[in-house]
Amino acid sequence: MKQIKLLAQYYVDLLVKLGIVRFSMLLALALVALAVIVQVGITLVLQGTVHDTDIVRSVFFGLLITPWAVYFLSVVVDQLEESRQRLTKLVSKLEEMRSRDMELNRQLTDNITQLNLEIEERKRAEEAREEAMIDLENEVYQREKAQVELAEQTALLRSFIDASPDLIYYRNEKGTFSGCNKAMEELTGKSESDLVGLTPWDVYSEDVASKVVETDQQVFDNNVPLTYEQWLEYKDGRKAYFELRKLPFYARDGRRLGLVGFGREITERKRYQDALEKASQDKTAFISTISHELRTPLNGIVGLSRMLLDTKLSEEQLGYLRTIHVSAITLGNIFNDIIDLDKSDRSRLSLMPEPVDLPDFVSEIDNISALMAEQKGLRFSLDRLTPLPASVKVDATRLRQILWNLVGNAVKFTKQGAVNVTVSCDVEDDTAYLQFDIEDSGIGIPEEEVSKIFAMYYQVQQGEDNLHAVGTGIGLAVSRKLARLMGGDITVDSEVGEGSTFTVSLAVPICESAVNTDVVIAEQTPLQILLVEDIELNITVAVNLLESLGHTVTVARSGHEALSTFPTADFDLLLLDIQLPDMTGFDIAKQLRESGVELPPLVALTANVIKDKTEYIRKGMDDAISKPISVAAVIGVIERLALQNHSVEQNVVIEPRQKARGNDLFETLLDIDMLTSYVDIVGADPVYQSIEMFEQVMPDYLKILDSNMMAKDQDGIASEAHKIKGAAGSIGLKHIQKVAQKAQSPELPAWWENIGDWVDEIKAGYGHDLKVLKEWLDGYQAKRVK
């Protein structure tokens with residue numbers, strides 16, 4: 001088989017080598033020769049002889065089969081060649097595949113090796129992972145344990161923070177709250193979650209917030225802690241004094257996160273400090289007490305000596321008595337100076353302006369001053385340069401003190417000559433501009449001393465007689481302070497050796513005699529009345545009064561409630577309190593008038609004393625009534641306004657009633673007229689209820705008032721005093737109402753100097769006045785029952 005393959009291969013190689021033509025010729029010759037040989041051989045074997053025809057036949061046969069043989073062999077060779085080529089390609093592919101397999105085997109070997117290495121690495125990594133897992137489990141356990149401990153410590157710290165009575169809070173760089181403790185929540189009235197994200201402007205009042213923001217900015221700008229003191233207000237209105245400390249706090253990377261603040265209430269410490277200051281200011285109280293005690297017998301000496309001067313006496317006795325009288329007056333002036341010095345040191349000088357008969361007042365000054373001058377042998381005159389008003393409203397005691405002091409100094413510092421007083425007055429509208437000039441011919445005052453004579457304890461030293469030694473050095477200082485307290489002043493013009501002129505100038509209102517009106521009770525047509533008032537005690541009093549007059553009352557406790565209630569009913573009269581929690585009575589009137597609907601009369605209720613209703617009418621009211629509401633005022637307003645256009649026929653019967661008079665204590669402390677009218681109309685039970693309500697609300701009012709006094713919050717003091725005034729007036733506590741009226745009026749002269757006395761008077765006196773009220777009410781009720 002192998003030989004055949006080699007022969008076939010040789011044949012194919014020969015065909016390829018010689019080409020098809022030469023190979024065909026060679027093959028034809030080979031076939032012819034083969035045919036001839038075969039023919040000759042067979043013929044020789046069979047016949048023994050060979051003929052030419054056999055050779056020709058053999059040649060012909062050979063030539064005949066040569067093309068077919070050549071074609072057959074060519075096809076075979078072509079197929080073999082194709083097979084060979086395919087085989088070659090297959091071999092090449094096999095070689096390529098073999099090479100690839102070898103490469104793959106090599107790569108596989110490498111991969112196996114790498115895989116073995118990775119398996120080893122994974123085994124080691126798995127072992128390391130197991131070790132790491134063990135370590136991680138330990139770390140997790142330790143961390144969980146630490147977190148539990150941290151949570152416990154955090155909870156403990158939070159408990160400490162919340163349990164602390166001090167304020168603790170945090171604010172971020174933007175100035176908004178990030179957290180706080182319970183004390184801060186109590187102060188602001190907001191929970192921590194509500195407080196977070198708010199700025200101080202959202203939490204505090206404007207004046208407090210401005211201080212808080214300012215100090216925050218100082219901490220941020222300077223990056224240093226800051227400590228300061230400030231009044232803060234609780235949600236219920238109570239004020240407390242805090243020592244606040246703020247300091248910046250930072251993250252671990254040094255980044256500033258904001259500030260943390262601490263606040264410790266030091267109200268008691270502040271009160272103690274104020275008490276120490278007050279104790280220091282009251283060091284002159286002993287002198288003041290002595291002065292007050294001595295003035296009682298001294299007044300007796302002055303009065304009796306004045307009476308004796310009008311009796312028949314010898315010239316010697318008359319001279320002695322005049323000396324006693326003038327000495328007593330001079331001593332009284334010194335006592336007054338000492339008392340006023342004490343009050344000045346405690347900043348509690350006060351005025352009590354009352355109607356004064358000015359001509360009589362000047363005549364009194366003339367008489368006393370003439371006695372002073374006569375005792376020293378000086379001429380004295382008092383000239384009235386202009387006509388004087390019949391009556392002015394002024395604190396006559398204080399003005400008399402000023403003038404006597406100046407006249408006394410003029411007499412004291414004048415050895416010979418005269419003392420002259422001139423009085424003049426210019427009148428503009430309802431104001432009298434008074435001027436008193438006290439001129440003497442005494443030693444005068446050096447120019448360099450003029451600016452110093454009004455200083456406390458300062459005394460001009462001039463002349464060998466040392467005239468200053470007879471004085472205290474406080475008279476001029478107190479006199480100027482009093483003059484300025486009254487809205488005036490004292491000036492001086494002096495020349496050494498020629499004398500001095502002291503000028504007192506002040507403006508005082510001209511007043512007329514008050515006209516008393518009797519209270520009347522009227523039977524009126526029932527009306528629908530809307531009462532807008534926020535103080536419960538005032539509501540009780542007003543409702544009882546109006547309902548007793550036969551009217552139906554609807555109450556609104558705020559401006560918004562009033563505006564929403566008004567359209568729901570047909571009201572004949574609206575009584576609008578001026579000061580409400582959300583708006584003023586003027587705001588309500590404005591909105592109602594702008595609504596364009598037909599309105600009933602609008603009447604303002606105010607705790608202020610009404611001197612001129614023009615302002616109330618200008619702001620939209622038809623009338624105004626002072627609180628506490630009086631029967632006469634209500635009846636007058638209803639008759640004048642509400643009943644004018646009322647469709648129901650009315651029959652008004654007015655009966656005069658005598659004013660009920662109690663003893664002097666009742667008249668001084670209680671508004672007897674108002675109480676009598678009120679009890680006669682509504683009975684005593686509503687008054688007792690109002691008294692009980694007053695006793696319940698007063699401690700809260702006083703508590704907030706005390707905190708405002710400590711904080712020196714003028715608006716807060718006035719607001720609480722206003723509430724007390726309204727509440728006291730509603731039950732007829734006239735004395736407490738008057739004191740509260742002064743306390744609620746910061747525009748009064750020397751208000752700050754006297755507010756402490758007024759508050760003390762309210763606190764100390766309201767309980768006593770309530771007892772007096774109950775005593776009067778019991779007695780009056782018993783009379784009514786009889």
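- Of the candidates Lys211, Arg269, Lys270, Arg269 is the only one forming a salt bridge (Lys or Arg N to Asp or Glu O under 4.0 Å) with Glu229.
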Practice item. Could you please spell out the steps behind the salt bridge (charged side-chain N to carboxylate O under 4.0 Å, His left out) verdict for Arg238 and Asp706? Key: CA-CA 8 Å; Arg238 177 173 59 91; Asp706 278 342; over 6 Å; no
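- Counting heavy atoms from C-beta on, the side chains of Lys619 and Lys590 never come closer than 4.5 Å.
- For the pair Lys190 and Glu185, the salt-bridge criterion is not met [side-chain N within less than 4.0 Å of a carboxylate O].
- Partners of Ala562 by side chain to side chain contact (heavy atoms under 4.5 Å, CB included), not counting sequence neighbours, listed by chain and number: Val532, Ala556, Ile588.
- Residue pairs meeting the ring pair (Phe, Tyr, Trp, His ring centres under 6.0 Å) criterion with at least one partner in residues 162-215, sequence neighbours excluded, are absent.
- At a threshold of 4.5 Å between non-hydrogen side-chain atoms, the residues Leu592 and Phe566 count as touching.
- Taking all atoms of both residues into account, the shortest heavy-atom contact from Glu533 to Ile539 is O-CD1, 3.3 Å.
- Side-chain atoms of Val212 and Arg171, non-hydrogen and from C-beta on, do get closer than 4.5 Å to each other.
- With a 4.5 Å cut-off on side-chain heavy atoms, Thr267 and Met710 count as touching.
- Applying the side chain to side chain contact (heavy atoms under 4.5 Å, CB included) rule to Ala146 yields no partners; only residues at least two apart in sequence or on another chain are considered.
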Review point. What's the verdict on salt bridge (charged side-chain N to carboxylate O under 4.0 Å, His left out) for Arg557 and Glu561, showing C-alpha distance, side-chain angles and the deciding distance?
Key: CA-CA 7 Å; Arg557 289 173 171 79; Glu561 185 179 352; 5.3 Å; no
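- Glu144 is linked by a side chain to side chain contact (heavy atoms under 4.5 Å, CB included) to Val140, counting only residues two or more places apart in sequence or in another chain.
- Remark: Arg245 engages Thr227 in a side-chain hydrogen bond (donor to acceptor under 3.5 Å, both in side chains) (not counting sequence neighbours).
- Minimum heavy-atom separation, Glu268 to Arg271: OE2-NH1, 2.6 Å.
- In plain terms, the two heavy atoms of Ile736 and Glu761 that are nearest each other are CD1-O, 4.5 Å.
- Contact between Ile731 and Ile691 at its shortest, heavy atoms only, is CG2-N, 4.1 Å.
- Proximity of Thr565 to Thr554: side-chain heavy atoms (C-beta onward) are separated by under 4.5 Å at one or more points.
- Scanning for salt bridge (Lys or Arg N to Asp or Glu O under 4.0 Å) contacts around Asp194 gives an empty result, with sequence neighbours left out.
- At least one donor-acceptor pair under 3.5 Å links the side chain of Asn105 to the backbone N or O of Asp101.
- At least one side-chain heavy atom of Leu531 sits less than 4.5 Å from a side-chain heavy atom of Val543.
- Among residues two or more places apart in sequence or in another chain, the salt bridge (Lys or Arg N to Asp or Glu O under 4.0 Å) test is passed with Glu233 by Lys239.
- Salt bridge Asp166/Arg264: present, at least one basic N to carboxylate O contact under 4.0 Å.
- Inter-residue side-chain proximity for Lys246 and Thr215 is flagged as met; some heavy-atom pair is nearer than 4.5 Å.
- With rounding to the nearest 0.5 angstrom, the CG atom of Leu136 is 8.5 Å from the CZ atom of Arg143.
- Counting all heavy atoms, side chain and backbone alike, Ala604 lies closest to Ile578 at CB-CD1, 3.7 Å.
- Applying the side-chain hydrogen bond (donor to acceptor under 3.5 Å, both in side chains) test to Asp700 and every residue at least two apart in sequence or in another chain returns nothing.
- In this view, Lys182 satisfies the side-chain hydrogen bond (donor to acceptor under 3.5 Å, both in side chains) rule with no residue, not counting sequence neighbours.
- With sequence neighbours excluded, no residue forms a side-chain hydrogen bond (donor to acceptor under 3.5 Å, both in side chains) with Ser564.
- Residues in residues 123-133 take part in these salt bridge (charged side-chain N to carboxylate O under 4.0 Å, His left out) pairs, two or more places apart or across chains: Glu121-Arg124, Glu126-Arg129.
- Partners of Leu108 according to the side chain to side chain contact (heavy atoms under 4.5 Å, CB included) rule, which considers only residues two or more places apart in sequence or in another chain, are Ile112.
- Below 30°, between 30° and 60°, or above 60°: for Phe586 and Tyr616 the angle between ring planes is between 30° and 60°, a tilted geometry.
- Here the closest heavy-atom approach between residue Ser558 and residue Asp582 is recorded as CB-OD2, 3.6 Å.
- Taking 4.5 Å as the limit, every side-chain heavy atom of Leu257 sits out of range of all side-chain heavy atoms of Asn172.
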